[in-house]
2 protein chains.
Amino acid sequence: MNQDTILKTLIADNVVSDPASARGRLLKEAAKLFRDKGYERTTVRDLAAAVGIQSGSLFHHFRSKEDILKAVMVETIQLNTALMRAAVEAADSHEDKLRALIRAELESVLGQTGEAMAVLVFEWRSLSDGAQAEVLALRDIYEQLWLDVLATLAEAGTIKADAFVVRRLLTGALSWTITWYRPDGGMDLAELTDQVMLTLAVSH
Amino acid sequence: MNQDTILKTLIADNVVSDPASARGRLLKEAAKLFRDKGYERTTVRDLAAAVGIQSGSLFHHFRSKEDILKAVMVETIQLNTALMRAAVEAADSHEDKLRALIRAELESVLGQTGEAMAVLVFEWRSLSDGAQAEVLALRDIYEQLWLDVLATLAEAGTIKADAFVVRRLLTGALSWTITWYRPDGGMDLAELTDQVMLTLAVSH
DNA sequence: CAAGATACCAAGCAAGCGCTTGGTTTGTAA
DNA sequence: TTACAAACCAAGCGCTTGCTTGGTATCTTG
C-alpha cells in the first residue's frame, strides 16, 4: 500500500480531513502559520485571512482556537502512524526496518506534513492539559512501532545502547532536522538517512 | 579552572549577571517562566510578580519584554561557551574530548542552566530578526568547539558520518533530553553520557 | 548631612486579543 | 419553488496585553 492510498483510506474513514475541504485547507494553513509565527503569535484573524474568510466565521468550523491546534496535531499523528506502520511492514530485515522508520520520519518531518510536525514538536505546551493527554495517547501507539524494532536490534547486539534511550535520542535528532536540513543543500533524503545510520554505526 | 571559578570570572567581567543581583534574579525567574509557560504566555505581570515588584518597574531594568528574553539567551550562551571550552581543554584524548562535550552539554541542558537552555531551544522564534542574528553569532563560537573535535574523530575514522551532520543530530538528541530525562529515574548523568557514546558507537 | 542617582509604586492608556451575536447569503434536496 | 440548513459577514464586547507616566522612597557618595 503506497502513501497516497493510505492517505485516501484515512480520509474515507474520517480520520484525517480532505485537504480539498474547507476544514482541510484551514488546517494546512494553520500548520504553516503556527510553525512560522508560533501558536500564540498567530491570531484568529491571521487564520481566517489565510483561507479568505472573516475571523468570526472560523468558529463555525472549530469551537476554539485551541481546537484548531489540537486538530492539526491529532491528524498529523494519525497519518504518520499509518505511514510508519506501512514502512515497517514493507521492510524485511530488522536493520532495514530501522532504516525505513528513519526514512519515514525524516519524510514526515521534512516533507508534506513537515509544518504540522514542527507544530507537534514546538507548540506542545500551548495545548491544555486535557488535550495534551489525548495527543499523548496517540503518540504512544506511534512510539511502540519504534521500540519494537529497536528492542530486537538491541537483543541482537546491533545497537549497543538501551532501546528506549536510543529512541529518545533519535526523536530529538530527527525532529531537529527541521531547523537545519535544506533539500537543496547537496544532500538528499536517502543520503541523510544513510548519515543517520552511519552515526548509529548500523550497517546494512 | 572549575565551573564555579568560571562563573565568577564571567560575573566579574559583566558577561553574565550575578544571580544575587536584582537583574540576575529576574533573569533566573524569567527563564523558568518562559520554559514553563512559553514566552508569549508569560506576561510582564507574571515576571514582575516572580521577583516581587510591580509590572511597570520591570522597565526600569529592561527596555522591553523581548530584551529580557534576549538577555536570558545571550547570558546562557556566554556561560556555556566558557564551560564547554574548559571541558574540552581538560580532556586528553579526542574520544575523551567528545565525551566531555557531551557531558557538559547534558549538564547545561539538565542542570542549573536547564531552564534557560530550554528557552534557547524552544523560544527562538519569539526573538525579532535583529536579536536572532546577535544570538546566532554567539552560537557559532560555541558550535566551533564541537566541530573541531568531531572533525578530528571523523578523520581518524572513529566516527563514520560527516562531522557537521553528527553535530546537528547531537544537538537535537541532547537538547531533546529536556523533555524526557529525569535524574530520579534510575540513570544518572554519567550513565546517560555513556549511553550517548554507545549510541554513537564510540568506545573509550 | 545634602544631593543626586537609582529603584520602585500606583494608575491607567492604547491596542490587540479570542470569541459572540444577529442577520444575510449560498447550497441542497424534495 | 419552497424550505431548511450550512456557511459566512459585519460589528463589536469584554478583557488582557506591553508599556508609559508622574511621583515617592531608598541607596550611594562627597
Side-chain angles (χ1 to χ4, degrees), chain A residues 11 14 17-73 119 123-132, chain B residues 11 14 17-73 119 123-132:
Chain A
I11 292 171
N14 265 317
S17 306
D18 188 338
S21 72
R23 183 187 160 95
R25 281 205 334 277
L26 176 75
L27 289 180
K28 177 95 184 140
E29 294 296 329
K32 195 180 297 182
L33 283 166
F34 288 162
R35 185 199 55 177
D36 291 346
K37 312 177 40 167
Y39 172 76
E40 299 288 343
R41 290 177 107 93
T42 304
T43 70
V44 293
R45 289 165 181 82
D46 291 334
L47 292 167
V51 290
I53 59 174
Q54 292 297 107
S55 67
S57 307
L58 274 186
F59 297 90
H60 178 73
H61 299 281
F62 295 90
R63 271 195 276 116
S64 67
K65 184 188 171 191
E66 194 199 349
D67 230 46
I68 299 175
L69 176 62
K70 189 175 131 188
V72 167
M73 293 186 169
V119 171
E123 301 300 334
W124 183 254
R125 283 166 314 172
S126 296
L127 279 183
S128 64
D129 290 349
Q132 278 191 25
Chain B
I11 292 171
N14 265 318
S17 305
D18 189 337
S21 72
R23 182 187 160 95
R25 281 206 333 275
L26 176 74
L27 289 180
K28 177 93 185 140
E29 294 295 330
K32 195 179 299 185
L33 283 166
F34 289 162
R35 186 201 54 176
D36 291 346
K37 313 177 39 167
Y39 172 76
E40 299 288 344
R41 290 177 109 92
T42 304
T43 70
V44 293
R45 287 165 181 82
D46 292 334
L47 293 168
V51 291
I53 59 173
Q54 292 298 107
S55 67
S57 307
L58 275 185
F59 296 89
H60 178 75
H61 299 280
F62 294 90
R63 272 195 273 115
S64 68
K65 184 188 170 190
E66 195 200 347
D67 230 47
I68 298 175
L69 177 61
K70 188 175 133 189
V72 167
M73 293 186 170
V119 171
E123 302 300 333
W124 183 254
R125 283 166 313 172
S126 297
L127 279 183
S128 63
D129 290 350
Q132 278 192 23

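Letters A, B, ... mirror the listed sequences (proteins, then strands); counts begin at 1. Keep in mind that this is a model prediction, so the values were computed, not measured.
Proximity note for B/Phe59 (side chain, C-beta onward) versus D/dC9, C/dC9, D/dC19: the nearest is D/dC19.
Per the geometry, CZ belonging to A/Arg41 stands 13 Å off C1' belonging to C/dG16, to the nearest Å. Regarding A/Leu69, its CG atom lies at a distance of 12 Å from the P atom of C/dC19, rounded to whole Å. Counting to the nearest Å, the P atom of D/dA25 and the CD1 atom of B/Ile53 are 18 Å from each other. At whole-Å resolution of the value, NZ in B/Lys65 and P in C/dA15 are 19 Å apart. B/Leu47 places its CG atom 17 Å from the C1' atom of C/dC8, with the value rounded to the nearest Å. Between B/Glu66 atom CD and D/dT17 atom C1' there is a gap of 16 Å when expressed in whole angstrom units. At whole-Å resolution of the value, CD in A/Gln54 and P in C/dT20 are 17 Å apart. If you take CG of B/Leu58 and P of D/dC19, they are 10 Å apart, rounded to a whole angstrom.
The phosphate of C/dT6 (OP1 or OP2) has no side-chain N or O of B/His61 nearer than 4.0 angstrom. For the OP1/OP2 pair of C/dA7 and a distance below 4.0 Å, the side-chain nitrogens and oxygens of B/Ser57 include no atom meeting the criterion.
When each of B/Gly52 and B/Ser55 is assigned the nucleotide of DNA chain C with its nearest heavy atom, B/Gly52 is the one assigned upstream, toward the 5' end. Ranked by how close their nearest DNA chain D nucleotide is to the 5' end, A/His60 and A/Arg45 are led by A/His60.
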Carefully, step by step, assess A/Ile68 and A/Val44 under the rule side chain to side chain contact (heavy atoms under 4.5 Å, CB included). CA-CA 10 Å; A/Ile68 299 175; A/Val44 293; 5.9 Å; no

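Electrostatic pairing of B/Glu123 and B/Lys65 does not count as a salt bridge here, judged by no charged N lying under 4.0 Å from a carboxylate O.
Using a 4.0 Å heavy-atom distance criterion, A/Ser64 is classed as a sugar-phosphate-only contact.
Rounded to the nearest 0.5 Å, atoms CZ (A/Arg23) and CZ (A/Phe62) are 4.0 Å apart. Note: B/Glu29 CD to B/Leu47 CG = 9.5 Å, rounded to the nearest 0.5 Å.
The shortest side-chain heavy-atom distance between A/Ser126 and A/Glu40 falls under the 4.5 Å cut-off.
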